[in-house]
Each structure stands twice: as structure tokens, then as C-alpha cells.
Amino acid sequence: MRAVENALGITIPDNARIIRNLITGIQYVQDHVIHFYHLHALDWVDIVSALKADPKKTSELAQSISDWHNSSEAYFKGVKEKLKTFVESGQIGPFTNGYWGHKAYKLPPEANLIAVAHYLEALDWQRDVIKIQALLGAKNPHAQTYLVGGMAVPVDPNSENALNAGSIAFMSGLAKKALEFVEKVYIPDLLAVASFYKEWAKYGAGVGNYLAYGVFEQDTKSNTDNLYFPRGIILNKDLSKVYPVDHKKITEYVTHSWYEYPDGDDKARHPWDGVTNYKYTGPKPPYKFLDTDKKYSWLKAPRYDDKPMEVGPLARMLVAYASGHKRVQEVVNFVLKKLNVGPEVLFSTLGRTAARGVETLVTAEMLPVWLNELAANMKKGDYRIHNSERWDPSTWPREAQGYGFHEAPRGALGHWVKIKDGKIENYQCVVPSTWNGSPRDAKGQRGPYEAALIGTPVADPEKPIEILRTIHSFDPCMACAVHVTDAEGREVVRIKIV
Amino acid sequence: MSAERKRVYAWEFPVRLTHWVNVVCILTLSVTGYYIGNPFIHAISSREYIMGWMRFVHFVAAYAFVCSVIIRFYWAFVGNRYARWGALIPHTSRQWKDLFGAIKFYLFLSRKPPYAVGHTAFAGLVYIIIFILYIWQIISGFALYSLSDHTWASGILGGWLTGVMHLQTIRLYHHLVMYVILAFAIAHIYIGWYLDSKERNGIMGSIFGGYKFVTGKEWE
Amino acid sequence: MGRGAFHDDSGGETVYETLRNRGLTRRDFLTFCTMMAATLALPASFAPRIAEALEKKKKPTVVWLEFQDCAGNTEALLRASAPTVKELVLDILNVEYHETIMAAAGHQAEKSLEDVVKNLKGQYITIVEGSIPLKDGGVYCCVGGRAAIDIVKEVCSGALATIAVGTCAAYGGIPAAAPNPTGAVGVSDAIPGLKVVNLPGCPVNVENITATIVHFLTFGSLPSLDKLGRPLFAYGKRIHDNCERRAHFDAGQFVRQWGDEGHRQGWCLYEMGCKGPETFKNCPRIKYNEGTSWPVGAGHGCIGCAEPAFWDKMAPFYRRLPQPPGFGVEKTADKVGAGLAAVTGAAIVAHGIGRVIAGGKKEKTEE
């Protein structure tokens, strides 16, 4: 969409910009919390151990780290009882066959119980706060109000069929609820869990290069660089310099991917000239292992200036930190101080998980700001939500090309489009999980997942929870990467043991 | 060529009736149908019921059209020699000859205008095609109608088509065929007028009164 | 585990017992049953019957398979409100396998699935999310080195019931859009003859999943399906016929430009390409995210996401009619039609002129 707006030279109205920021913002907050509690926490939290917790001690621990209201002894007793009934019922559903009791779990039972309580609370909380997106995007997941040129949600304080003061109030309430949970539950839990796993600051560094397109537009220019979270690149873990992003330096290899390029698979191509001709050469299923010397992935290998890049909350926070973003610096320094560590720990599995928390907090703080911007526009009488000048394809030039940058919760997302005769001639997306899950390129350079797993100790090769910790810390795209993780995960384990 | 002219009762009443019912229905269906596909009048208040009326009129006209087509279909079995299938479907060598003669005439390749007491072979063939298009419009129309009308009638008349084709495909061709029929209507009137002015055979009048003038040679 | 999933006398906890043990009051429970009755389009008098069924039935075991998907329906499941995902996953269902939400991974995860298929044959419910690629031996989607088609065949053939959630699992969805490079199909096309309940939508409205399961528990049978395998209680009516903006359609009040007066006043989105008139789903009634909103309610037309081949057939999303084949994108059906009429008119004029000229010539030669 941004790519098409860029190609056709469309400037969106300010309200559309704000609405897009709000949708993206609440998505970060909700997605990061779900990721932490529901997709990542169980790598660190042993729910079975929580059964051994003492509710009184748990309550004391909870109150010592946060003034969240659900912290009484009775509350934790209730949670423990419920958990007990659940586990004893024998039907533990999604928790079946977890690595419970694994010696890599280090939290005391009380901390585990707090985490279980918050796992359940977060389930209810996320359902509520995401209604900001449901209201602005028609539904969640899969918002359906994005248009080339703006948004399809009308704004009019004097209509019940448009965003009005009531909608602002509704969203403000949810934004407040979102921020409160992040401040009082997520961040304290994150710090508490992290303090038990500080050694994970040594593992999972990855490639050491970080790319952020930046996000949260502060003006309506196409691909503006006036962003709340800035655009930039950090190379070799050097926070003293932030390099600018030039989209022309982005290329993709298919050397180890199941695709072929017309002029040889060893040459990288810019997305405008990107080609997606699939050609599967892997083993016939069922298979046990993939041969990583050959082609072994459905992901292409994106490179910036021929270097692999990590994308995601860590990349965004590092670029913001190094660019002098005040609030990010404050929160990052606060977290580092709390954990009593230096900024070098950021380049790790732990750093990745912590950066996600920092970003959630800073983003949640912005939600009311954007809501105020929207209200201010309404007050001014600016109800525009769409620029219709180029809506009709007959107004388009015969040929056009453009690109659009966005930051999905899990990282930098770029779309490139070529338009000819009113139709898409070529469309290429370079998505976060292809950056992070990238296979090797023509030079044999590994992508971030692969690089991050090197040197990770695995206590029990049959139950490689350590692998999960690092892979999950990237927030892999559930749809495409889960399979890759599995296949490659086993592979890497094998290398480690030999 | 004999100049003697005979007055022949070519178009019986049901033929003329269905012709004019079709004219009215096609015009009504086209205007309301176009509106339904592309609402060109916009209501200024919620009290109005423009789309509602357009759809209502469209559906009523559709039923009238179905009846008319059924009558004409029936009459093709029991009507006079000019109304029957034999006059419409080219099956004799003479009809084939006439057909090519007519095509040559319309393309300026020949000066001999097509002529027959009833339909010329060319016209007969065109009418058969138009008749098929009518049936398509009825089936596709009722297929769309069946989305909100779950009666057996709309099921039989077209509801079954929704399981065969995608709704949007049905809609598209229901819409496009309207233009084909309108284009036919324009050409139909022009050719009628043109032949009338050329031959003075009363072809334009015949569809009102039923009588045509023929010369002895053609009256075989 | 290992006991029958639906046996009244199996000695395990019933759904109601679990809910009660988890602190749900009898009143909450009955409220839930009433909501389910409403979603199932049943009169409220059915609520006691649903309650009775849930009080007796043991938690059904569910395996949730994901193939060519985006986990959007899983995300939708996380937004469930009546019951909430917490109740759904922990109390009402026994979700033994779900790639996204389960704690286990790798070999352990595959073991959970094997256990269910082996020990609970004919007693578990399979929910499938995502399409299944058939081309080239199924190499385009493998989980743990096994092709999706092999997994789905094995798991579904031993299941008590199979529910395809989302448009991809029901009809192939977006992966099946032209040119369908991987040969993606929905579950019912992947396993011909298998009885599948299709719950299309992108994502599915999660209430429809719960209602289908509750229907099954309450009445002991799958809900009545239409010819596309969709439950009539959720897909029996057109969006257009249940739409909150329908009055504006009948009146003739249409949005003509995004953000115009009509758009702000909630007029009909017909002219903006809304596909409500060709889409069957209960969106207008149950909406999304606990009734917060839905596309037409928010101001964007329906794109027909619950219909087969929607990506190809419902496009262009912002026009009423599809593209006439063989014409450029700027040619709408009306332009093509008007062109046809114009060509006819031009042919007539040309013919007339031609005749005059020919007539002139003729006269000349006669002279």
C-alpha cells in the first residue's frame, strides 16, 4: 500500500497517518505482550513448578516488584488451586509434553506462579486492548480499512457512524489499560525473569548488524524519515554510529533457497527486479534432515550492502538508542541499571527479549498522544481520511515504481512495486522473518537465526529448550518460520553434539 | 421482377404481443438493471426508496419477461409457418443460401437485399441467438434473485446456477449481455427501417398490424 | 487421557465441572449457554439443553493443525470472548496439539499429536487451519519433514469430526489464488469424501467455531450444512440481507468517495465495491472482537473473504463487477457495454454512409 502510494506520489491526509500509527502502535503492544507471555515465557517459566509455590511468599514477591492490584495471597492461592485442578484433570491440553522439570528452568516456584497468573491475565487483557485496532481496522486480526491514499474509517464528531468523541473515549480507556498492564505487569515480570537468566546475555548474539526502517510517521510525506522510532543501520554492534538506509542497497540471494534466478543463483537482485521462480530441489517428504550445503529453505536471503541484518524490536531500539532517542535511552538505561549490566548485553537473546519490553512501554506511552492528535484534528474540523486524487486507475501514469517501508512487530518490512498499464507488473516483499530466518547467501554468510544459535549450550539434546529460547526471542513469523525452525533446529543440534 | 404486391398476414397476435411485451420489458429491465448495477440517482433522504423501487420494478418486469418468453417459445411450436422453429433455425439449403446472401448484402458485397415473407434466414439465426441470450438473462437473473429469495420458483429458474458458476461471474455476464441485447435492438430497428425504406414492404408496420406486403416472386 | 472424549460415564471432569472448579458461577455458565444458543440461531429456550449437555460431556480433545496459513484464525481464537480463549483452551476443550500456542516443540510436539491419533481414534475433533498444497508431492508445505497432505489424511481419517477454519482450510483461500503455484486446496478437496464443516472467513469469527463445537456437544451431531459445507446457522444468509446499512441501500443513499458526507453518515458502501450482496456470513450479527466492529460497520466494503476463490473472483474489491476478461483494468463492464452500443451505432452510421455512396455509384453507373 505504501509502495503504491510512493509509486503514484500520493500524500495521505493527517488523520489517516494518525489512524495508521494507532493501529500499528496497539498491535506492537498487544503482540509483544502475547509473544512474551504466550509464545516465549514457557521457555523460561516452568508451570508445573508453580504448583510448589507458597501463595504467601508469592504475594510478597509480587508486591516487591510491582504495585499491580492482583497480588494478594488469596489471589495467588486461587490461581494455584485452579492450576492444580487443571493439571490433575489429566487433560492439560496445550501444555502436554512441554519440557517441564527441565534443569534449564531456573525460576523459583513463586516466580513461576506469578508468571502463570499473568499468563492468564494477559489472555484477557490482550483481547480487550486490541479493540483499538478492531475499531479502527474493522477487525483483528486482518484489519480491513487500509486504502491506497488513506483509510476507510470516517471521522466525524457529529455522526454515530464515524469516529467521534465516544470512539476517542473508548480508545483512551483501552490505551490506559494497555499502558498500566505494561508498566505494572509486563516490565516487572520481564525484569524479574531476566534477573534469573542473566547468562543469556552471553548467547544468541546473531550477526551483529541491525536494520530498522523506523516507524510511527510524524508527517504525511511518502516514506518520510520524520519518524518516532528512527530509521538507521548499526554495524558490528557499534552503537557509536548510525548509518542511513538506502533502499537500493537491499538485495536478495537465492543461492540456498528453493528458487532460481534467470542469470544465476549466486547473484543477488534488488526487489524491483526481484524474481520469484520457485524450484524445489530438496528431499521428497517424509524426510529427516535437510542438507544445508545445498538449497534448504523457502526463504530468500535478503542482504543490505551484501551484509546479513537482524531486524525487529532489538534493531529498532538499538537504532533509536544510538540515534539519541530520549525516551528509549531513558528506558533502556533504566532496564540495564535494574539488571546491573552494561549496554553490551543488548546484543543477545536476553537483549532481544528486553528490547521488546522497552519498545512496548515506549509505544504504549504514545497511544494517548496519537489519540490527542486525532481529537485535535476533529476539533479543527479536519475530517479527511482519504486522498482520492489517484483513486481511479485511469489517473495513473502508464508506468510507475515505488517502495514502502514499514515496521511490523517482528521487524522491518519492505514492499517494492512496479506498475504498468494500471496493473502490478512486479511485486516483491522482503519481510522480517526472511531477514532473521535467512538462509546462507552466495558467500556462505549465515542469517541471524543461524548465527545466533552458534555457541548456544544445550544441556539435553533431546529437549533443546535453549534453542527455543533463542529462536523464540526473534518472534519468528508463526506462519512461515515454525517449520524452518524445526528443520534447522534439529540440524544445529546435531552439529553441536558432534 | 413483378411489381404485383400481396398483403400477407405474417405475424399472428401472440407473436406481436410477445414482441411488444419484450420491448417494454427489455427497456424496463435495462434501465432498472443499470441502476441496480450502477445507481445513478442518489437519494437525498432516508425516506426515499429508489433502489427498493428499482429492484421491485426489475423483478416484476423479469417475471413478465419470463411469461412472454414462455409464450413465444410455445408459439414456435403451434404458430403459423413464420413463427415456427423451422423459420428461425436455418436448416434448408435455401436458408443457408439466403443467410450468406444477407451477410454479403450487409457488407456491401452484394446489392440484393435479403427478403422473405417471414424472417429472413439471417434474421432467424440472429433471433435464435438472442433467444438463447434471453434464457441466459432469465437463468442468471433468477440465480442472483435466489440469493435473497429462497422460493422454489427462483431455485428452478436459476438458483441452481450458483452452484455451477461464481456469483460474480454470473453478475458480470448478466450485465454484459444486457448491452449485447441493447446493441441488437438498435441494429434491429435500423435494419427494419432500412429494409422498409428500401423495399417499401411494410416491414415496420407489420409488427403493429401483422401484415406485410410481398411481391409475387417471393410468395412461393 | 486415553479415555473417550465424549463418554458421559468416563469419570473425568465434565465441561461444567471444570468451569465451576475454575470459579465460574452457575449464572455465568448459563449466560454462556444462552449466548451459544444465540450464536447458533436457536431460541433462548435451547440454553438449558446446551447447559445440560455441557454438564454431562467430558472435555472434547482437539488437535489444531496448521498448514499454509498465517495463524490468523489462531489469533482470532485468542480474541474469543464467549467463552474466552482462557475458558476455551483450558476448560471447555482439551487442545492437545496446536503449533502456535502449545508449550511443546519439535519431537515432543509431534509426540503429542501421535498420542492423540493413536489413543483416541474416532474420538477427537480435528481443526484445520490453512490450505494444503497437492502439487509436486506436497513439498510446498512440510511439518517435521512430512507433507501436509499426509498429515491431514492420517489425522482427519481418525477424527470424529473435522472442522476447516478460515477460508484457506475451507477452499484454499489466498494460497490457492491464481496461478496457485503450489496446487493449494481446502481440506474437503484434499480428502474427497471426508465430511468437513467449513467455517470460512479471513479470519473466521471465532464464535462460529465455538458454536459449531457446542452444537456438536449439545445435539450429538454436526450442524446442517449448505452445499459448500458451511453451517446454516452462520452462513445461511447474505451479509447484504442482514446489513445495518441496508436501509440506505434501499433508499438509494450511497457512499461515493471515502470520507464524503455519506461515508461519515454510514450510508451504503455498494458503489465502493462492497461484496456483501454475494457473501454469505453472519458478520453483521456477531461482528468481530466481541462485537466491536466489522468491515462494513467500520466503513470499508465487504471483500467476500468467506466465499470460495474470493481473491480471484471478488476482485476488484472496489468495484461492483469483475473485470470483463480480455480488457484493460480501466475497462469496467459498463464501459465495455457502452463501447459495444457505440460500435453498433457507428456500424449503422457507416452502413448508412456506405449505402449512400454505394447508391451514388449505382446511380452513376446507371446513368
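All chains are named by letter (A, B, ...) in the order of the sequence lines, taking the proteins before the strands, and each is independently numbered beginning at 1.
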Interchain contact, C/Asp241 with chain B, by part (heavy-atom threshold 4.5 Å): side chain

Chain C shares the most heavy-atom pairs under 4.5 Å, among B/Gly163, B/Pro39, B/Gly37, with B/Pro39

Could you tell me which portion of B/Ile181 (side chain, backbone, both or neither) has an atom closer than 4.5 angstrom to a non-hydrogen atom of chain C? neither

Heavy-atom proximity to chain C below 4.5 Å, by part of B/Ile41: backbone

Please classify the contact between C/Ala333 and chain B as side chain, backbone, both or neither, with a heavy-atom cut-off of under 4.5 Å. both

Given heavy-atom pairs under 4.5 angstrom as the criterion, report whether the side chain, backbone, both or neither of C/Gln253 touches chain B. both

Compute the centroid of each ring, for B/Tyr127 and then for B/His188, and state whether the two points are separated by less than 6.0 Å. yes

Is the distance between the ring centroids of B/Phe142 and B/His174 under 6.0 Å? no

For the candidates C/Ala247, C/Gly304, C/Pro324, which exhibits the highest count of non-hydrogen atom pairs separated by less than 4.5 Å from chain B? C/Pro324

Identify which part of B/Phe184 has an atom lying under 4.5 Å from any heavy atom of chain C, answering side chain, backbone, both or neither. neither

Region of C/Ala350 in contact with chain B, defined by heavy-atom distances below 4.5 Å: backbone

What part of C/Lys313 is in contact with chain B, defined as an atom under 4.5 angstrom from a non-hydrogen atom: side chain, backbone, both or neither? both

Aromatic contact, C/Phe249 with C/Tyr270 (centres under 6.0 Å): yes

Return the CH2 to OG distance between B/Trp152 and B/Ser146, rounded to the nearest 0.5 Å. 14.0 Å

Side chain, backbone, both or neither: which part of B/Val177 has an atom under 4.5 Å from a heavy atom of chain C? neither

Can you see whether B/Thr151 engages B/Asp149 through a side-chain donor-acceptor pair at a distance of less than 3.5 angstrom? yes

If you measure only the distance, is there a donor-acceptor pair under 3.5 Å linking the side chains of B/His42 and C/Arg256? yes

Given a strict heavy-atom distance threshold of 4.5 Å, which part of C/Lys275 is in contact with chain B: side chain, backbone, both, or neither? side chain

Verify whether the ring centers belonging to B/Trp53 and B/Tyr35 lie closer than 6.0 Å. no

Think B/Arg16 forms a cation-pi with B/Phe208, using NZ or CZ under 6.0 Å from the six-ring centre and within 45 degrees of its axis? no

Chain B heavy atoms under 4.5 Å from C/Pro277: which part of the residue, side chain, backbone, both or neither? both

The interface call for C/Arg320 against chain B, heavy-atom contacts under 4.5 Å, is both

Please determine, among C/Ala338, C/Ala347, C/Ala341, the option with the most heavy-atom pairs under 4.5 Å with chain B. C/Ala338

Measure the acute angle between the ring planes of C/Phe310 and C/Phe317, then classify it against the limits of 30° and 60° as parallel, tilted or perpendicular. parallel

Which answer fits B/Leu167, side chain, backbone, both or neither, if we ask what part of it has an atom under 4.5 Å from a heavy atom of chain C? side chain

Parallel, tilted or perpendicular, as decided by the 30° and 60° cut-offs, for the rings of B/Phe105 and C/His351: perpendicular

